[in-house]
Amino acid sequence: MQRLLNHIGGGYRASVSGECFEKLNPATGAPLCQVEIALEPEVEAAIAAAREGQRAWAALTGAERGRVLMRAVALLRARNDELARLEVLDTGKPLQEAIAVDVASGADCLEYFAGMAATLRGDQYPLRNAFAYTRREPLGICVGIGAWNYPIQIALWKSAPALACGNAMIFKPSEMTPNTAAKLAEIYLEAGVPAGVFQVLQGDGRTGRLLSTHPAVAKVSVTGSVPTGKRVMAAAADTLKRVTMELGGKSALIVFDDADIEQAVTAALLANFYTQGEICTNGTRVFVHEAVHDRFVQRVVERAGRLKLGDPLDMATQVGALISRDHAAKVLGYIDKGKAEGAECVLGGGRPDDAALAAGNFVLPTVFTGCTDDMTIVKEEIFGPVMSVLTFSGEEEVVARANATPFGLAGGVFTRDIARGHRVAGQLDAGVCWINNYNITPIEMPFGGTKESGIGSENSHAAIEHYTRIKSVYVELGKIADPYA
Ligand code: NDP
């Protein structure tokens, strides 16, 4: 079986302890590879290589760095399908999604920041007898810690702005999805990024902890669950590292009675069943105006019932396997709780009845109606293909209910009244809102949550702020005002 090593200082290196874990294919349960865990010696080696690599990388002009990163964009696009297949083996998501979105959106992100690299600049301040200016400087060594649902996209969302700004990044993918980040390290090297500037350390929470507490690390960016985010932030506080946290959510998708119902149904399907529902921004609390509830539910059930679940490598498959046996069991536990607490399961509600899929982590697209705000399935993030439909009658009421959660990641509004659309989007406690669409995340727009869903934004010009620091430089052009003369 293939043994995946850590990618340190420009190549794969065997670890000192030799400790490893087995990565399983979510769709079949079969072992995919052995993965070596990075512990203290590997973390120290990566830090030393990052120090050296970053000096050389930061000494280039932004335009020079951008040119190198553009070569990586071309390599990513040329290898789209190969990387997408690897992503499917790791994640269990449908190949049709991985080919269309995962690598492509990551490459778009890198292209965006490669272009931004040449635009980094400071300001100049008009003072008397002085020339005063700011420099926008890289932070140094940054750490990226990824979740398992969009592994290569997350690695690119973090490394693209970090590298464009002249930083080095040590990236730790989720232990569930180790493979594509390693390929990304190979691609950066082939494009001409110096050794040590992008490195991949594999491992579990221990590796993440070693990295997020290391005094040489200036910044940690995490995509993961709320408890992990809190732990990393507490660990990073000891050395006052900067943090960006992209954490969980339980977002509201609100459908008013004047909405284009078919469009709203499409959005609700995408917001609950795309990538088997394993998307942080998903609109899993679907608030439907009571006047259109029955029509909406009828169309959701008809259309979700036709989604093709099966082998993720089959290009016709629309719903794949969940990431792990444990995670599927957790999602099924939520479904059981929904039934026990009185929600009506009108679609799915368990594993598929197909012997060919029995060894994989498959869960049917599931729709609950008759949900109330106090039900566990309405309050907690499930991270699986489970939609909860609730009804409402007034705008003020639905905004208050949508906001009654510790999360604040995203929200959606469907209405033909554009003034109402803006008004509701303005009142939602969420970092990202969509009017008449859902889960669309163009690289040009900031992405990030509020409340317990996170701190800081990824993508857009906002990411540049997070991966640079401002230095003020004051140049005296006159005489020092001397109080001792
Ligand atoms: P986890 O929080 O379990 O893990 C996230 C990453 O953190 C993994 O690489 C994990 O390592 C690592 N980690 C775990 N403990 C520590 C620690 N103490 N110090 C440093 N690193 C640590 O999340 P999942 O991977 O299970 O991802 C699902 C969660 O991610 C969901 O809650 C989802 O909402 C959220 N998410 C948020 C997104 C956003 O942009 N807002 C996007 C995608 C997902 P390992 O797994 O190897 O143990």
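For ligands, and for the atoms within them, numbers begin at 1 and follow the listed sequence.
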Region of Leu409 engaging ligand 1 - heavy atom pairs below 4.0 Å: side chain
Test of proximity, Phe383 against ligand 1: N or O pairs below 3.5 Å: no
Proximal candidate to atom 46 (O) of ligand 1 [heavy atom criterion; set Gly449, Ser174, Gly229, Ser324]: Ser174
Sub-6.0 Å ring centroid separation between Trp157 and Tyr112: no
Aromatic ring pairing Phe198/Phe171, orientation class (parallel under 30°, perpendicular over 60°, tilted between): parallel
Atom indices of ligand 1 within 4.0 angstrom of Ala147 heavy atoms, with elements: 25 (O), 27 (O), 30 (O), 44 (C)
Location of contacts on Glu381 toward ligand 1, heavy atoms closer than 4.0 Å: side chain
Distance-only N or O hit between ligand 1 and Thr228, under 3.5 Å: yes
Numbering as shown, the atoms of ligand 1 that approach Gly146 to under 4.0 Å (heavy-atom distance): 5 (C), 6 (C), 8 (C), 9 (O)
Lys158 and Ser221: CA distance, side-chain angles, deciding distance, side chain to side chain donor-acceptor pair (under 3.5 Å) verdict: CA-CA 7 Å; Lys158 297 188 189 308; Ser221 174; 3.0 Å; yes
Atom CG of Asp238: over 12 foreign heavy atoms under 6.0 Å: no
Contact atoms of ligand 1, heavy-atom distance to Phe447 under 4.0 Å: 40 (O)
Minimum-distance protein heavy atom relative to atom 26 (O) of ligand 1: Trp148 NE1, 2.8 Å
Nearest heavy atoms of Gly310 and Thr317, plus distance in Å: O-CG2, 3.4 Å
Contact check, Gly203 vs ligand 1, heavy-atom distance below 4.0 Å: yes
Under 3.5 Å side-chain donor-acceptor pair for Thr91 and Tyr150: no
Glu40, CD atom: more than 12 neighbouring heavy atoms under 6.0 Å: no
Glu175 neighbourhood, listing ligand 1 atoms whose heavy-atom distance to it stays under 4.0 Å: 45 (P), 46 (O), 47 (O), 48 (O)
Tyr150 contact mode with ligand 1 (heavy-atom cut-off under 4.0 Å): neither
Donor-acceptor contact present, side-chain Gln202 to main-chain Pro178, <3.5 Å: yes
Contact (N/O only, under 3.5 Å) between Asp204 and ligand 1: no
Distance from atom 43 (C) of ligand 1 to nearest protein heavy atom, with residue and atom: Asn149 ND2, 3.1 Å
Heavy-atom check, side chain of Asn361 versus side chain of His327, under 4.5 Å: no
Cys33 side, atom SG; Leu89 side, atom CG - distance, nearest 0.5 Å: 9.5 Å
Shortest protein heavy-atom distance from atom 30 (O) of ligand 1, along with the residue and atom involved: Gly224 C, 3.0 Å
Top protein contact for atom 11 (O) of ligand 1, by heavy-atom distance: Lys172 NZ, 3.0 Å
Heavy-atom side-chain proximity of Ile443 to Ser105 below 4.5 angstrom: no
Protein contact of atom 23 (O) of ligand 1 - nearest heavy atom, named by residue and atom, plus distance: Ser225 N, 3.4 Å
Polar contact flag, side-chain donor to acceptor under 3.5 angstrom, Thr376-Glu341: yes
Pair Asp102 + Lys93: basic N to acidic O under 4.0 Å: yes
Atoms in ligand 1 flagged as close to Cys280, the criterion being non-hydrogen separation under 4.0 Å: 34 (O), 36 (N), 37 (C), 38 (C), 39 (C), 40 (O), 41 (N), 42 (C), 43 (C), 44 (C)
Selected option - heavy-atom contact closest to atom 40 (O) of ligand 1, from Gln153, Glu246, Met245, Arg209: Glu246
Protein contact of atom 17 (C) of ligand 1 - nearest heavy atom, named by residue and atom, plus distance: Gly205 O, 3.8 Å
Within-shell test, Leu247 vs ligand 1, heavy atom, strictly < 4.0 Å: yes
Part of Ile145 within contact of ligand 1 (heavy atoms, under 4.0 Å): side chain
